Amino acid sequence: MRMSNLFSPTLRDDPADAEVVSHKLLLRAGFIRRVTSGVYNFLPLGLRVLRKIEAVVREEMNRAGAQEILMPMVQPAELWKQSGRWDKYGRELLRITDRHDHESCLGPTHEEVVCDLVRRELRSYKQLPMNLYQIQAKFRDEVRPRFGLMRGREFVMKDAYSFHADEDDLAREYQNMFDTYTRIFTRLGLKFRAVQADTGAIGGRRSHEFHVLAESGEDVIAHCSACDYAANVEMATSCRKVPVSEGADLETVKTPGATAVEDVAGLLHVDPALLVKTLVYRVKRADEADEIVAVCVRGDDQVQAVKLARLLGADELVMAADEDITNIGGVAGYVGPQGLNARVLADETLKGAVGLIAGSNEKDAHVTGIDLARDVSDAGYADVRECREGDACPTCGGGIGFSRGIEVGHVFELGRQYAEPMEVVFQNADGKRAVATMGCYGIGVSRLVAAVVEQCYDDAGIIWPMHLAPFHVVFISLGKSEQVINVCKQMYEDTQAAGLEAVWDDRNERPGVKFRDAELMGIPIRVVLGERGLSAGKAEITIRGGEKLEVPLEDVLNFVRAEFDRRAA
RNA sequence: CGGGACGUAGCGCAGCUUGGUAGCGCACCAGUCUGGGGGACUGGUGGUCGCCGGUUCAAAUCCGGCCGUCCCGACCA
């Protein structure tokens, strides 16, 4: 490819609306352009990288025994109604109505369609197991798309679905996919970590997320410094020594205007951990009236909403309105667990604690000396708090640390949650009707483009690893000398003939412009030839982000090829 | 969905307070010089100032509504 023909408009300035590194650089280097919120065009360079990442994913999926298919983006409402998700999935599901008033949606994921496909053909256990995957565009109408390719509404995903006759076989495939993902992200050269995860909207039982470690990540993962325990904070558990107090009688103290934990603790001169923070939630579940639940944690703790929602079987969890609080006998700002006309759920760190301070359910007052076992005898206990840095690891007792991560892969053991309503059934070895058990496995392919950039860049631009780079080598001819141009062209053509992907910057631009663009685009090997070099019989070769050296013209091809082999390995 | 900011040429921005000729840098076009790290000079092209409405003799500027974009939050009672 000649740079003079390449559709890759580079920008000198950072676009004003780009925040994270990958978004800025992919825009500036001419890899992507925004169409509308959360929706992007891939330009030639961006597409080349996307295709290379796809190729790695495809190769490893095939190697793992999965088969590639392609399912439609438009999916009929009936299938979603059958799985029950037409009503449950919420506003992220973009619904459309066609000219016949027939309802459809744009696929955010493909469990329904793949179940429909498989159930039509599945007869016998002998056809199992089966793992089908696709690499395809997904659409999720995100509340807040952001950060370019990191959180788009339309994005490219590899999604795989496996079907099994029994749980043991599902567990085997889950491990197979776990190992496959580990190979994929390793091959992509990423610093990543597999973590225990919540199953979220997809549902199911066991699941792990694969996170690329990066400051710009939207997720927080908790990991042990001593063992391999790692979990999304939405899931993470931990152990902690909590301060204790003396048992005492309930007593009301005036705390006018003090509603926040810090204010109350400050006013009463106590450790915030000796306060009981009571939050009131409205729990929404499909086909049921809302429930109001009071949740207690230590004053210095946070409720982990995702954990709580899972525990309560909630489809949606919202903070209760002041009116809801009044209805259960509380006063907003001064809610305490005692005497509430609602279910009380307390964090396990409060179990057996005595002499604590809580809201009094009266304005401008708190109570001291509360003992949950005595004063709120019907309270339930569970792990509902958010894990904190410095807590002890639940498996080995080591220290828990936090990192930010970009979720690039997720594996689930779905079980029969979809196969049951979708009637994915077969005849087992005993001749009996059985429901298949399923796994599903996703990789955010377009998000990976951004994730790689988040880990591979410097002040000048992107630094692609060789096997993901849009081109392996860029030739830069300087000046108008015909001799320089001819020699450069020859080297460029020879390199292509040798099977490398080369681009030749033949533009009538000043040297600085060409250097900057090559660096911005992140092409790994740069070969520069000017009159000065030509007369010395040498070209200058620079490795992006690395060394620079002079190479005799006749050795350039071999040098480039050797450098490619070394770095592509 | 709540809060905040923003919307002026392809990109980055000024002008708006105090209404009166739409500007700057980069990019782009033509030319001359230049030619190893975003060059210089000369001359040009390009705008319904997001959209609709209102106030006014007059609106990029003031007012209202809408649309779009970005940031923060959406559990801390």
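Reminder, nothing fancy here: chain letters follow the sequence lines and each chain counts from 1. Source: prediction; values computed, not measured.
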query: Between the base of B:G10 and the side chain of A:R28, is there a donor-acceptor distance below 3.5 Å?
result: no
field: Of the listed nucleotides B:G39, B:G73, B:C75, the one nearest the side chain of A:R144
entry: B:G73
query: Can a salt bridge be assigned to the pair A:E234 and A:K307 using a cut-off of 4.0 Å between side-chain N and carboxylate O?
result: no
query: Any idea which of B:U69, B:G37, B:C72 is nearest the A:R34 side chain?
result: B:U69
- request: Under 4.0 Å between any heavy atoms, over every strand shown, what does A:D14 touch: base, sugar-phosphate, or nothing? Just pick one.
  value: sugar-phosphate
task: Kindly point out which of B:U69, B:G39, B:C75 is positioned nearest to the side chain of A:R510?
output: B:G39
Identified pairing partner of B:G19, criterion: Watson-Crick or G-U wobble below 3.5 Å: none
- line: Taking B:G36, B:C28, B:G12 as options, the one with an atom nearest any side-chain atom of A:E509 is B:C28
statement: Scanning all shown strands, the Watson-Crick or wobble mate of B:G64 with both distances under 3.5 Å is B:C52
message: Could you check whether A:F31 and A:W464 have their ring centres less than 6.0 Å apart?
response: yes
task: Can you figure out which of B:G36, B:G35, B:C71 approaches the side chain of A:N508 most closely?
output: B:G35
query: Any donor-acceptor pair under 3.5 Å joining the side chain of A:E519 to the base of B:G37?
result: yes
task: Kindly say whether the aromatic ring centers of A:H472 and A:F564 come within a distance under 6.0 Å.
output: yes
field: Distance, rounded to the nearest Å, where A:E482 contributes CD and B:G35 contributes P
entry: 18 Å
message: Is it the case that the side chains of A:N327 and A:E323 hold a donor-acceptor pair, with the cut-off being a distance below 3.5 Å and no angle test?
response: no
Touch class at under 4.0 angstrom, heavy-atom based, for A:V295 against every strand present: nothing
field: A:T10 side-chain N/O to B:G38 phosphate OP1/OP2 under 4.0 Å
entry: no
query: How is A:E386 classified with respect to the nucleic acid when contacts are heavy atoms under 4.0 Å: base, sugar-phosphate, or nothing?
result: base
query: Of the candidate nucleotides B:G36, B:U34, B:G38, which contains the atom at the shortest distance from the side chain of A:K480?
result: B:U34
message: Is A:R12 close enough to B:A27 that one of its side-chain N or O atoms is under 4.0 Å from OP1 or OP2 there?
response: yes
query: Would you say a side-chain N or O of A:R146 is under 4.0 Å from OP1 or OP2 of B:C71?
result: no
message: Using Watson-Crick or G-U wobble geometry with both distances under 3.5 Å, which nucleotide pairs with B:G36?
response: none
query: Considering only the C1' atoms, how many Å lie between B:A40 and B:G35, rounded to the nearest integer?
result: 12 Å
query: Contact class for A:R507 vs. all strands (heavy atom < 4.0 Å): base, sugar-phosphate, or nothing?
result: nothing
- prompt: Have A:T10 and A:D517 got a donor and an acceptor in their side chains that come within less than 3.5 Å?
  reply: yes
- prompt: Which base, if any, makes a Watson-Crick or G-U wobble pair with B:C1, both distances under 3.5 Å?
  reply: B:G73
task: Give the rounded distance in Å between these two atoms: CG of A:D505 and P of B:G36.
output: 15 Å
Any N/O donor-acceptor pair, A:K514 side-chain to B:G37 base, under 3.5 Å: no
task: Please work out if A:G533 contacts a base, only the sugar-phosphate, or nothing of the nucleic acid, heavy-atom cut-off 4.0 Å.
output: base
Residue whose nearest RNA chain B nucleotide is more 5′ - A:L317 or A:E531: A:E531
- request: Check every strand shown and say whether A:R282 touches a base, only sugar-phosphate, or nothing at a heavy-atom separation below 4.0 Å.
  value: nothing
message: If you only use heavy atoms from C-beta on, which nucleotide in B:C71, B:G38, B:U34 is closest to the side chain of A:D517?
response: B:G38
- request: With C1' as the reference atom in both, quote the distance from B:U61 to B:A22 in angstrom, rounded to an integer.
  value: 12 Å
Interatomic distance, A:D383 atom CG to A:E348 atom CD [nearest 0.5 angstrom]: 4.5 Å
field: Any strand: nucleotide that pairs with B:C24 via Watson-Crick or wobble, under 3.5 Å
entry: B:G12
message: Expressed as a whole number of angstroms, how long is the span from A:L478:CG to B:G35:P?
response: 13 Å
query: Mind checking whether A:F475 and A:W504 have ring centres under 6.0 Å apart?
result: no
query: Once you round it to whole Å, what is the distance between P of B:G10 and CG of A:N41?
result: 17 Å
task: Give A:V318 one of three labels, base, sugar-phosphate or nothing, depending on what nucleic acid heavy atoms sit under 4.0 Å from its own.
output: nothing
message: Using whole Å, what does the distance between atom P of nucleotide B:C71 and atom CE of A:M150 come to?
response: 11 Å
message: By nearest atom, which of the nucleotides B:C11, B:G39, B:G36 is closest to the A:L11 side chain?
response: B:C11
- request: Searching all strands shown, indicate the nucleotide that pairs with B:G43 (Watson-Crick or G-U wobble; both distances under 3.5 Å).
  value: B:C29
- prompt: When A:Y334 is tested against each of A:T259, A:D364, A:N361 for side-chain hydrogen bond (donor to acceptor under 3.5 Å, both in side chains), which residue passes?
  reply: A:D364
query: Any chance the side chains of A:T255 and A:H366 put a donor and an acceptor closer than 3.5 Å?
result: yes
- request: Calculate the interatomic distance between A:F7 atom CZ and B:G10 atom C1'; express it in whole Å.
  value: 11 Å
message: Heavy-atom nearest nucleotide on RNA chain B for A:A16 versus A:T36: which residue maps closer to 5'?
response: A:A16
query: Roughly, in whole Å, what's the span from NZ in A:K24 to P in B:C70?
result: 14 Å
message: Within the 4.0 Å heavy-atom criterion, would you say A:A18 contacts the bases, only the backbone, or no part of the nucleic acid?
response: nothing
- prompt: NA contact type, A:P9, heavy-atom cut-off 4.0 Å: base, sugar-phosphate, or nothing?
  reply: nothing
field: Length of the CD-C1' vector between A:E19 and B:C6, whole Å
entry: 14 Å
- prompt: What is the nucleic acid contact for A:V143, judged by heavy atoms within less than 4.0 Å: base, sugar-phosphate only, or nothing?
  reply: base
